[in-house]
Amino acid sequence: MRQMGQVCGSLRKFFVAAVLVAATAGMTATLAQAQVMARPGWAGSGVTVDPWWKHAVIYEIYPRSFQDSRTSADGDPGTGTLKGIASRLDYLQSLGVDAIWLTPIYPSPQVDFGYDISDYEAIDPAYGTMDDFDNLVQQAGRHNIRVILDMVMNHTSDQHPWFKESESSRTNPKRDWYIWREGRGCASIGAQTSAATAPSAGSNAQPPAKPAPSSANPAPSSAQGCEEHPPNNWESIFGHSAWKYDATTKQWYFHQFYPQQPDLNWRNPAVEKAMFDVVRFWLNHGVAGFRLDAVTQLYEDTSLADAKTLPGKNAYGDPNVDNSLYTNLPEIHDMLRGLRKVVAGYPGERVLIGETYVDTPQELALMYGKNHDELQLPMDTQVGFINKLDAATFRQRINEAETELNGNQPLLVFDNHDRARSWDRYGDGAHNEAIARVIATVLLATRSTALMYYGEELGMKTTTPTRKEDVKDPIGILGWPLEKGRDGERTPMQWDGNLAAGHNAGFSVGKPWLPIPETAATVNAKDEAAKADSLLNWYKRLIQLRQSNHAFHDGTNVMLDHDSENVLAWLRKPPVGPSVLVACNFSAEPKTISVKADLKKAGVRGSFMRTILQSNKGMTPAMDADAVKLEPFGVYIGQVQF
Ligand code: GLC
């Protein structure tokens, strides 16, 4: 104990010294930066000096839906603010989170609710001011919470001054900041004008040769009367062609998401420079890192060849296509290495998190960089989006995160603002709360860094609109009824059970931009904080365990009971000291498992467990290693003893 105290003491001194060094060396560290540095990169056990993000719980906030701070309903749009977030820092600290990731808060026409940015170095007035932001970073620092921003680098808003310039003429210096191409079908017009618009050295595609119209692609008529078709059959993730025709300059621009989100041309070095400057701007404001939006979409194949058509149609009625010519191109890695260097130039272990929907653990491993010099935390979506409580698949994927990521740190995630909540994806309608505890346990008691989404800790459910006219998310309007959009997972945070107009569950005095689900009457932060066995308190206990239990903090992750169809069991095995067993029942039947032989195989001496936490009402003080008993969807956590 004494020794541990000394380690803590000297680490604290180290961090105080680091701040002093930064100040005296005349570094341009702002107060906010100093705060990022000052907070130690270690958790409760105090025995390691791992970077802070390795043990972190990162909490995603959708600012529009978290907490409004306006006091009069008059003119209140019923959306959240930065001041509102600051007012909830006590709650976040009591939950135990280490960092908050804010989805985009920059000025935006809000077509994609902030993911269409029109100014990268300011705050959207709907959320507040730059002072509010600086204050939030400072206040969060006092609560031991870091602030991570979303950085959207693949595209801007079509209202961004860069795009306004780019679309103004074919010869504008910013033309090549975006991806403009000739269409197919008006070859003669293309031939007349191509000399003026020949792709520059940094440009990423040549005009294609053959016309091949596709039903998914609109075909505007040109002024000359011929039929215009997009340069190829590439499709937007948000439906229909990924090309939009500009009647003024008679070319098409590329957009992987909404037409109002033109893709930047990352083969143009000026784009990279501008974006890296944006990153520096926010690092100087004390942010602890970035979540890189759609980072796998940055580059496109320069051939601009048609994508292979696959069987079937998507939710928007377009033919399915193979998007490998415009997704996850190897060029991303150079860019990520450059970005990592920028971030590494700042003190305080700033972190790069990636939105990395990839298909295999090998592809995920590449996102860390062959020399661990790209993303520190690409999201591992292989586990959280299995969408079925299938123990064998969970076991395999969690194992892969241990064995296939070249020793890098996995980042698990179950919920975010783009997917139906895990409550509904995993819930069976009868045991949802017990299943939510199982999910929380996988997220927080494996070795991964954990990424959670506001309201997940309460058991908020997905509330999908039932009528097209109520939908706010444009993909829900375009894709109705097959694709109903993402409003369901973005409903306001449920702070308390008072649903009266003017109070709205503590979220806003104005009419909330999305309706508060009626379940808020009982599923809310206030009531759950007061109820010892609530889901909220289950999250709190697991997070405390991560911070205070040596096995949870530093242990490796060893999967046990490999043949069990219904029980996922694993061991957290620290370098020294007792291991901890975690067992989750994935079925609606009670189960009993023996872990004795597996413990032996894992080199752990043990015949019973001393209970640390269990989901059963009433604690069993100990459990025999030969007979670990689990209730339906029950969880057992115990320290192995011999
Ligand atoms: C990411 C975001 C999503 C957004 C899209 C386009 O996938 O998570 O919400 O719509 O990028 O920026």
Side-chain angles (χ1 to χ4, degrees), residues 103-104 108-117 152 154-159 163 178-181 183-184 212-220 228-247 252-264 293-298 300-301 304-328 355 357 359 381 385 416-420 462 464-490 514:
T103 61
S108 158
Q110 304 289 337
V111 172
D112 193 13
F113 301 114
Y115 283 93
D116 46 324
I117 299 171
V152 186
N154 178 65
H155 48 268
T156 67
S157 160
D158 62 352
Q159 300 306 306
F163 188 74
Y178 295 83
I179 300 164
W180 291 96
R181 290 296 175 272
R184 296 197 276 204
S214 139
S215 62
N217 293 328
E228 259 289 2
H229 292 280
N232 60 27
N233 69 347
W234 294 0
E235 286 175 5
S236 157
I237 292 169
F238 287 168
H240 304 334
S241 173
W243 296 93
K244 183 161 185 229
Y245 186 65
D246 171 54
W252 299 72
Y253 70 83
F254 182 64
H255 60 90
Q256 298 229 34
F257 296 92
Y258 292 124
Q260 296 90 336
Q261 295 169 301
D263 271 45
L264 283 160
D293 182 69
V295 67
T296 50
Q297 312 304 125
L298 295 190
E300 297 75 32
D301 191 274
L304 241 69
D306 267 338
K308 234 183 10 216
T309 309
L310 303 172
K313 295 206 162 166
N314 65 19
Y316 309 96
D318 312 318
N320 287 326
V321 294
D322 167 7
N323 64 5
S324 55
L325 288 173
Y326 48 108
T327 299
N328 208 2
E355 186 194 24
Y357 285 102
D359 295 332
T381 55
F385 299 106
N416 67 26
H417 62 285
D418 292 326
R419 302 280 166 134
T462 319
T464 308
T466 50
R467 305 178 318 165
K468 186 175 174 186
E469 55 270 38
D470 296 331
V471 177
K472 298 280 194 308
D473 184 11
I475 56 169
I477 300 168
L478 187 69
W480 191 273
L482 285 179
E483 169 60 70
K484 292 184 174 159
R486 298 162 292 178
D487 295 353
E489 53 268 29
R490 298 173 175 180
L514 288 174

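None of these values were measured; they are calculated from a predicted model. For this chain, numbers begin at 1 and follow the sequence in order.
Every residue meeting the side-chain contact (heavy atoms from CB on, under 4.5 Å) condition with Ala420, not counting sequence neighbours, appears here in chain and number order: Arg425, Thr462. Remark: Asn314 engages Glu235, Tyr316, Asp318, Asn320 in a side-chain contact (heavy atoms from CB on, under 4.5 Å) (not counting sequence neighbours). By the side-chain hydrogen bond (donor to acceptor under 3.5 Å, both in side chains) test, Asp322 pairs with Ser324, sequence neighbours left out. Annotation: side-chain hydrogen bond (donor to acceptor under 3.5 Å, both in side chains) contacts of Thr156 (sequence neighbours excluded): Tyr178. By the ring-ring contact (aromatic ring centres under 6.0 Å, His included) test, Phe257 pairs with His155, Phe238, sequence neighbours left out. The side-chain hydrogen bond (donor to acceptor under 3.5 Å, both in side chains) search around Gln110 returns Asp124, not counting sequence neighbours. Considering only residues two or more places apart in sequence or on other chains, Asp418 meets the side-chain hydrogen bond (donor to acceptor under 3.5 Å, both in side chains) condition with Arg486, Arg490. Remark: Asp293 pairs with Arg291 by the salt bridge (charged side-chain N to carboxylate O under 4.0 Å, His left out) rule, at least two apart or across chains.
Two residues are said to be in side-chain contact when any heavy atoms from C-beta on lie closer than 4.5 Å; Pro259 and Tyr253 meet this criterion. Trp243 places a side-chain heavy atom less than 4.5 Å from the side chain of Ile179. Side-chain contact between Asp487 and Val471 is present, with heavy atoms from C-beta onward closer than 4.5 Å. Proximity of His240 to Leu478: side-chain heavy atoms (C-beta onward) are separated by under 4.5 Å at one or more points. For the pair Asp116/Pro109, a side-chain contact is recorded, criterion being any heavy-atom separation below 4.5 Å from C-beta on. Side chains of Tyr258 and Asp158 form no contact here, defined as non-hydrogen atoms less than 4.5 Å apart. For the pair Pro319/Leu310, no side-chain contact is recorded, criterion being any heavy-atom separation below 4.5 Å from C-beta on.
Looking only at atom types and distance, the side chain of Glu228 has a donor-acceptor partner in the side chain of Trp252 under 3.5 Å away.
Counting only distance, with no hydrogens or angles, the side chain of Gln256 and the backbone of Leu298 share no donor-acceptor pair below 3.5 Å.
Ring-centre distance between Trp234 and Phe254: below the 6.0 Å cut-off.
Heavy-atom minimum distance, Asn233 versus Thr309: ND2-OG1, 4.2 Å. Across all their heavy atoms, Gln261 and His255 have their closest contact at O-CB, 3.5 Å. Closest non-hydrogen pair, Ile117 versus Ser108, comes out as CA-CB, 4.5 Å. The two residues Pro465 and Trp480 have their closest heavy-atom pair at O-CH2, 3.5 Å.
The OH atom of Tyr357 sits 10.0 Å away from the OG1 atom of Thr296 when rounded to the nearest 0.5 Å. Taken to the nearest 0.5 Å, the CZ atom of Phe163 stands 10.5 Å off from the CD atom of Gln260. Remark: Leu304 CG to Asn232 CG distance equals 4.5 Å, nearest 0.5 Å. How far NZ of Lys308 is from CG of Asn323: 11.5 Å, rounded to the nearest 0.5 Å. Atoms CD and CG, on Glu300 and Asp263 in that order, are 5.5 Å from each other to the nearest 0.5 Å. Atom CD of residue Glu355 and atom OG1 of residue Thr381 lie 9.0 Å apart, to the nearest 0.5 angstrom.
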* **Intermediate values then yes/no, side chain to side chain donor-acceptor pair (under 3.5 Å), His417 and Tyr115** => CA-CA 12 Å; His417 62 285; Tyr115 283 93; 3.1 Å; yes

* So Asp246 and Trp180, side chain to side chain donor-acceptor pair (under 3.5 Å) or not? Walk me through it. -> CA-CA 9 Å; Asp246 171 54; Trp180 291 96; over 6 Å; no

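For Arg419 and Phe385, the positive end sits near the middle of the six-membered ring, less than 6.0 Å away and at most 45° from its axis.
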